[in-house]
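Have a look at the structure below before the remarks.
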Amino acid sequence: MASTLGVLEALLRNPGAIATKLEVKQLLKALLKRPGAITSASEAKQLHAQILKHNPSSPLYTSTAICVYSNFKLLNQSLLLFKTLQSPPSLAYKSIIKCYAVNGRFVESLASFVDMRASGNTPDHSVFPSVLKACAFLLDLRLGEAVHGCIIRLGMDVHLITGNALINMYAKLQTDSSVKKVFETMTTRDIISWNTVIAGNAQNGLHEDALAMVREMGGAGLKPDIFTLSAILPIFAQYVDVDKGREIHGYVIRYGFDKDLYVASSLINMYSRCARVEDSIRVFKITRQRDTISWNSVIAGCVQNGMFDEGLRLFRQMLKDNVIPGSVSFSSIMPACAHLTTLNLGKQLHGYIMRCGFDDNVFISSSLVDMYAKCGHIRTAGWIFGGIKGRDMVSWTAMIMGCALHGYAEDAISLFEQMKLEGIRPNHVAITAILTACSHAGMIDEGRRYFDRMTEEYGIRPGLEHYAAMADLYSRKGKLNDAYQLISTMTTPTGTIWSLLLSACRVHKNVDLAEKVASKIFEVDPENIGARVLLSNIYANDGRWKEAAKVRMTMRNMGIRKNPACSWIEVKNKIHTFIADDKSHPLHDEINIALCELQEKMELAGYVADTSEVLHDVDDEQKKYLLYGHSERRAIAFGIMSTPAGTTIRVIKNIRICVDCHTAIKLISKIVGREIVVRDNSRFHHFRDGECSCGEYW
DNA sequence: TTGTCCGAGG
């Protein structure tokens with residue numbers, strides 16, 4: 001053998017060297033027995049050349065060449081040779097089946113397997129794993145079972161690797177009973193057998209079984225390895241069981257598995273699912289080797305836990321480190337743009353997405369719909385939504401919620417009904433979206449109907465978010481007692497839900513109920529800043545300055561401070577922030593002059609300041625002055641000054657817009673002939689030609 | 001010749 005291989009080596013190193021026919025023949029013969037002696041693709045090509053030169057018509061030699069090519073995954077070369085064979089021998093079939101499979105061409109792989117059977121060639125242990133993998137990938141249970149039958153008839157079911165492949169196939173096809181049966185009938189099992197069953201159980205929701213098997217492994221003399229650990233970590237992520245997750249982390253460190261990319265990604269994911277972003281970032285930072293998946297895991301972790309800026313920072317860092325973002329990277333980061341309403345960044349990412357050709361990905365396009373809707377571009381959102389092929393419930397929900405936030409309740413309802421007609425069942429988020437739509441349009445009856453029917457029609461029990469939407473609906477409409485009744489039926493109403501009612505008490509000036517509601521809030525959430533501010537404002541609004549002062553005093557004694565009201569606007573890629581009465585903007589004086597001019601024009605158009613919204617104990621003239629210092633007006637004035645005529649002005653405010661500003665902005669939109677879009681903390685207002693899309697309802 | 005990790009909507 002050694003001398004034959006010596007000839008081979010010489011030949012391969014110098015294909016021009018003259019070899020005797022005998023030598024070549026011996027060489028090829030040796031190779032028939034040991035195709036593995038060829039160690040590179042170029043050697044494979046040399047071999048092919050020798051065959052063409054000396055024995056081009058031998059099916060056996062051709063098959064050997066196919067086998068060698070397929071070992072290097074060279075599908076095209078294998079196919080060219082395969083097609084020259086009239087009746088391919090077993091080796092040729094086996095090689096081409098495997099070669100198709102390793103190239104992900106599972107349909108062709110299975111077709112070749114069928115051909116092989118039809119031609120009367122008997123498959124063996126070397127080919128079943130590829131065939132079973134193809135069945136698993138194509139989710140073809142019937143063919144898989146047929147192959148299994150064939151395996152049993154040939155007595156191959158005791159073969160370890162074939163058995164493992166069978167387990168894997170049944171696990172992927174979620175036929176857990178077959179997984180168990182195959183595992184139990186196997187005469188020898190290795191760690192892969194165990195891991196495959198464990199991973200299958202974990203992914204098919206049989207969490208207890210998976211964990212029990214991890215414990216049993218020890219009895220078989222096997223220790224959990226990186227595969228075992230990355231299979232069970234997602235269980236603790238799903239159960240938000242950080243203690244168990246940490247235990248595994250300890251084990252990982254003891255055995256030095258923390259260098260493994262898969263384990264690290266699973267740990268990052270586990271910690272972020274358990275809301276321990278700091279821990280997940282720590283794991284990420286000590287992971288030396290990083291791939292797109294570990295980056296995606298940590299970025300998604302930040303974004304899902306509300307750390308949007310950190311998520312964006314990491315995303316930029318990933319690009320800087322020359323890690324190519326995949327489609328998952330974009331669908332992970334896009335919600336950060338939606339939440340931060342950073343339209344410009346969102347648009348840049350959208351461009352990047354299109355250049356990568358990811359714009360037909362339903363995850364990404366749904367996140368784009370959400371981002372554009374939340375950034376005020378509901379039409380762009382609708383346009384993207386219209387182009388989504390194979391919309392799923394999430395795409396519909398993003399669009400429905402977008403319409404809801406913009407006050408287009410009719411559109412939201414018709415989308416919701418259309419979605420159901422297409423056979424898509426709404427989940428709890430979709431229900432929240434439709435209730436939000438009703439809430440923002442004051443559609444009490446429709447809202448009530450969706451709420452009452454959600455359990456029997458969709459099998460979804462009302463959760464916090466649904467109660468919140470309903471409480472909001474009643475509250476905005478002034479049905480304060482209905483809201484109170486509804487909230488009281490909840491087993492554990494939260495401070496947030498009561499606060500919705502409290503803010504309605506302010507709008508509808510119901511001080512008595514406000515006091516009752518406020519005490520409920522302080523019971524469950526004594527630190528609730530918003531509620532204390534609201535209560536103080538309610539007193540002030542009623543002229544009860546003493547009580548108002550008392551609430552503020554309590555707040556100060558408790559050491560809590562409210563966040564100032566502010567508005568911001570993006571002009572030429574820069575975000576300008578305005579806080580009421582803050583004079584720090586470089587164009588402060590110019591903005592004031594512009595506001596004065598606007599004020600005069602507004603008064604000519606019949607504007608009278610509604611000073612009831614000013615909750616300071618000062619005279620009327622002073623109140624008027626305070627009103628026009630409101631942050632959203634200054635942001636709008638700045639926007640008008642610094643953008644070309646006709647440009648839409650987009651402003652974001654961190655609290656709900658006040659009645660007087662709402663009236664003022666309507667007039668301003670008419671005076672300057674611009675569309676002004678204001679997003680407050682609850683919805684969008686589109687001001688155009690003296691009207692607002694909210695129809696005076698917010 | 002078999003097996004692992006990440007993703008959208010409130």
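Because the structure is predicted, anything quoted here is derived from the model rather than measured. First the proteins, then the strands, lettered A, B, ... as listed; each starts at 1. Computation of the quantities below employed the complete heavy-atom set of this structure, encompassing side-chain atoms and omitting hydrogens, waters and symmetry-equivalent molecules.
Residue A:D225 is classed as a base contact, given a heavy-atom separation below 4.0 Å to a base. Among the atoms of the strands shown, base atoms are found under 4.0 Å from some heavy atom of A:D392. Contacts of A:I226 with the nucleic acid, taken as non-hydrogen atoms under 4.0 Å apart, include base atoms. Note on A:S297: only backbone sugar-phosphate atoms sit closer than 4.0 angstrom, heavy atoms only; bases stay farther off. No engagement by A:K94 is indicated, since no non-hydrogen atom pair under 4.0 Å with the nucleic acid exists. Counting any heavy atom pair closer than 4.0 Å across all strands shown, A:D260 reaches no nucleic acid atom.
Look at A:Q304 and you'll find a side-chain N or O under 4.0 angstrom from OP1 or OP2 of B:dA8. For A:N195, no side-chain nitrogen or oxygen approaches OP1 or OP2 of B:dT2 to under 4.0 Å. Distances shown here put a side-chain N or O of A:N168 below 4.0 Å from the OP1 or OP2 atom of B:dG3. Within the 4.0 Å cut-off from OP1 or OP2 of B:dG7, at least one side-chain nitrogen or oxygen of A:R273 is found. Between B:dT2 and A:K98, no contact under 4.0 Å exists linking OP1 or OP2 to a side-chain N or O.
The separation between A:F257 atom CZ and B:dC5 atom P is 16 Å, rounded to whole Å. With rounding to whole Å, A:L435 atom CG is found 19 Å from B:dG9 atom P. When rounded to the nearest whole Å, the span between OH of A:Y262 and P of B:dC6 equals 11 Å.
No cation-pi contact links A:R425 to A:Y458, judged by a cut-off of 6.0 Å to the six-membered ring centre and 45° from its axis.
The environment of A:E417 atom CD is dense: over 12 non-hydrogen atoms of other residues, nucleotides or ligands sit within 6.0 angstrom.
If you look at A:F416 and A:W396, their ring centroids are not closer than 6.0 Å. Aromatic ring centres of A:W295 and A:F315 lie farther apart than the 6.0 Å criterion allows.
Closest approach of A:Y251 to A:P224, counting heavy atoms only: OH-CD, 3.3 Å.
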